[in-house]
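To start, the structure under review is shown below, and the notes come after it.
This structure is a prediction, so every number in the text was calculated from the model and none was measured. Counting convention: from 1, in listed order, for ligands and their atoms alike. In this chain, residues are counted from 1 in sequence order.
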Amino acid sequence: MSVTLVIGTQWGDEGKGKIVDLLSKEVDIVARYQGGANAGHTVVFNGNKFILHLIPSGILNSNSICVIGNGVVIDPYALQEEIQLLNNFNIQVNGRLLISDKAHLILPYHKILDKASEECSEKSIGTTGRGIGPAYIDKFARCGIRIGELKENETFRNHIEKNFNEKIRLISNVYNKVIDINLEQTIDDFLKTVQIINNFISDTTTYLNENIRKGKKVLAEGAQGTLLDVDHGTYPFVTSSNPTSGGACSGLGIPPTSIKHIIGVCKAYTTRVGNGPFPTELRNEIGEAIRKEGFEFGATTGRPRRCGWLDLVALKYSVMINGLTSLAITKIDVLGQFDEIFVCTEYELEGERTTNFIPHSQILSKVKPIYKKFRGWKKKLNGISEYQKLPTQLLEYVKFIEEFVECPIKIISTSPDRLDTIIIE
Ligand code: IMP
């Protein structure tokens with residue numbers, strides 16, 4: 001039994017792509033279990049920068065098979081673009097990608113609904129506009145369309161047409177918006193594009209379980225992060241799925257007992273895209289400097305990410321919710337520019353201090369972060385490949401983190417490049 005999970009511990013964009021790419025060298029199968037093309041996993045490979053939204057980053061490693069599990073919502077247009085991108089770089093996808101027949105499709109009306117609900121809502125979530133929320137709404141309202149239906153030529157078009165007409169009524173009656181599309185043509189185009197999935201449809205649940213039983217190594221990669229989890233995150237400013245470790249079991253159909261390692265990926269500071277509370281946000285020149293040095297712009301939407309100091313109250317919560325067995329700290333090089341570095345160790349709320357994270361947006365937006373100060377290392381980290389050779393001030397910083405959250409740090413990433421990674425045995 002050897003499944004390893006890679007989980008985002010913050011509000012996404014922790015650098016999971018690089019960690020998955022690194023670990024996938026040692027595994028047979030890499031699987032995605034939730035979310036959709038809202039994610040953006042950036043990997044630098046052979047000098048080229050790849051941003052993958054849907055296909056697991058393991059596809060860059062020619063020995064791995066990639067699985068998109070039942071918990072993912074699939075936009076065939078995004079999939080087509082990504083396959084094209086990979087083919088342009090001679091990366092073989094055919095025969096190496098399996099898509100669950102139980103995964104749900106994102107239809108054009110989901111994207112229209114996503115935008116309409118954001119425009120009409122009093123409190124915009126700041127979604128990626130990729131139709132993620134509306135696709136999951138349909139899944140749970142039991143009117144979604146599963147990939148497996150693609151095989152049912154007779155009824156597939158009718159089902160899409162029926163749903164589309166219902167959504168057009170919803171959009172015009174509830175959101176007061178006129179949909180200016182040629183319905184026949186939009187459906188024809190969708191039906192043409194969706195055929196690409198036919199090459200990859202599979203019973204991934206059985207495939208994964210059989211391979212786990214045979215002793216194959218599986219890496220399950222989460223998209224987004226713990227604080228964007230629909231149950232455990234800063235609701236309602238969250239995504240519509242479960243990026244936390246529990247989501248891997250339901251999103252792939254694998255038993256909890258098959259999971260051996262749970263690696264939490266954590267940036268050495270914090271970022272957030274979209275709206276919602278962010279206690280350690282720096283709306284000043286320090287936040288600006290982090291954004292610039294860390295190139296903190298959304299990989300999917302290009303939006304500038306909000307930046308702030310590391311929040312250990314939130315990280316400790318992530319360790320607890322996910323049952324993390326180790327941590328990977330990324331982008332620590334970005335902090336090399338500062339004389340002093342701060343980490344949040346407590347929240348103050350109405351005169352009281354707490355070390356417990358508060359996953360309720362209204363309350364969390366009122367807390368004041370209490371910081372501990374560290375000396376900066378003011379050094380470039382290029383070429384350092386051993387833990388002991390890292391600057392003393394940096395070691396003080398990471399040791400404090402692991403002791404505070406009670407989880408060992410096993411990986412430190414010092415640049416986007418595969419080579420700039422320190423593995424701590
Ligand atoms: P949705 O997932 O598009 O519905 O967006 C809901 C919230 O999750 C918004 O605040 C998005 O900015 C955020 N979000 C979704 N995917 C990602 C991601 O991959 N990284 C960071 N934030 C994300």
Side-chain angles (χ1 to χ4, degrees), residues 6-20 32-43 50-57 68 71-75 77-78 82 104 106 110-121 123-140 221-244 247 251 265-267 269-278 281 291 294-308 314 318 330-331 359 361 364-365:
V6 174
I7 310 260
T9 59
Q10 298 160 312
W11 280 289
D13 309 316
E14 297 92 351
K16 297 178 289 295
K18 173 176 167 175
I19 304 299
V20 169
R32 253 292 288 274
Y33 58 85
Q34 45 71 234
N38 49 350
H41 291 170
T42 309
V43 186
F50 288 86
I51 300 179
L52 296 168
H53 300 283
L54 205 47
I55 300 178
S57 350
I68 299 184
V72 178
V73 281
I74 294 169
D75 175 356
Y77 292 95
E82 221 155 276
H104 279 241
I106 294 193
H110 290 131
K111 293 184 214 167
I112 302 172
L113 273 166
D114 200 355
K115 291 199 175 93
S117 91
E118 282 282 89
E119 279 164 24
C120 296
S121 160
K123 252 193 206 156
S124 147
I125 304 293
T127 72
T128 57
R130 299 293 166 111
I132 306 296
Y136 280 114
I137 290 175
D138 280 0
K139 173 175 173 175
F140 288 95
E221 91 177 73
Q224 292 86 42
T226 302
L227 308 179
L228 285 172
D229 186 284
V230 69
D231 285 287
H232 305 291
T234 49
Y235 193 87
F237 300 100
V238 291
T239 192
S240 301
S241 62
N242 292 115
T244 43
V265 185
C266 174
K267 231 163 5 195
Y269 49 93
T270 312
T271 62
R272 174 163 205 170
V273 226
N275 301 329
F278 179 177
E281 182 171 14
R291 184 177 308 116
F295 198 69
E296 294 296 352
F297 295 89
T300 301
T301 58
R303 290 178 288 180
R305 294 181 185 140
R306 300 157 62 192
C307 299
S318 271
T330 59
K331 296 186 99 167
S361 286
L364 191 65
S365 61

Check your understanding: At the 4.0 Å heavy-atom cut-off, does Arg303 count as touching ligand 1?
Key -> yes

What protein heavy atom sits nearest [atom], and how far away is it?
{"atom": "atom 3 (O) of ligand 1", "result": "Thr128 OG1, 2.6 Å"}
{"atom": "atom 19 (O) of ligand 1", "result": "Ala39 CA, 3.3 Å"}
{"atom": "atom 2 (O) of ligand 1", "result": "Thr239 OG1, 2.6 Å"}

Look only at interatomic distance and state if [X] has a nitrogen or oxygen under 3.5 Å from any nitrogen or oxygen of ligand 1.
{"X": "Gln224", "answer": "yes"}
{"X": "Val273", "answer": "yes"}
{"X": "Thr127", "answer": "no"}
{"X": "Asp13", "answer": "yes"}

State whether the side chain of [X] and the backbone N or O of [Y] hold a donor-acceptor pair below 3.5 Å, judged by distance alone.
{"X": "Glu118", "Y": "Ile125", "result": "yes"}
{"X": "Gln34", "Y": "Gly251", "result": "no"}
{"X": "Thr9", "Y": "Val265", "result": "yes"}

Check your understanding: Between Asp75 and Arg130, is there a salt bridge with N-O shorter than 4.0 Å?
Key -> no

Study note, to complete from the structure: One finds that the ligand 1 atoms under 4.0 Å from a non-hydrogen atom of Trp11 are 21 (C), 22 (N)

Check your understanding: Considering the options Lys331, Arg291, Arg303, which one meets the salt bridge (Lys or Arg N to Asp or Glu O under 4.0 Å) requirement together with Glu296?
Key -> Lys331

Review point. Any idea which part of Val238 is under 4.0 Å from ligand 1, heavy-atom wise: side chain, backbone, both or neither?
Key: backbone

Review point. For atom 9 (C) of ligand 1, which candidate among Gly126, Gly12, Ala37 holds the nearest heavy atom?
Key: Gly126

**Study point:** Asn275, Leu228, Asn38: member with heavy atom nearest to atom 23 (C) of ligand 1
**Key:** Leu228

Point to revise | Distance (rounded to the nearest 0.5 Å) between Leu228 CG and Thr244 OG1 | key: 11.0 Å

Check your understanding: Heavy-atom count around Tyr235 OH within 6.0 Å, excluding the residue itself: above 12?
Key -> no

Exercise for review: Measure the shortest side-chain to side-chain distance between Arg305 and Asp13 over non-hydrogen atoms and say whether it is less than 4.5 angstrom.
Suggested key: yes

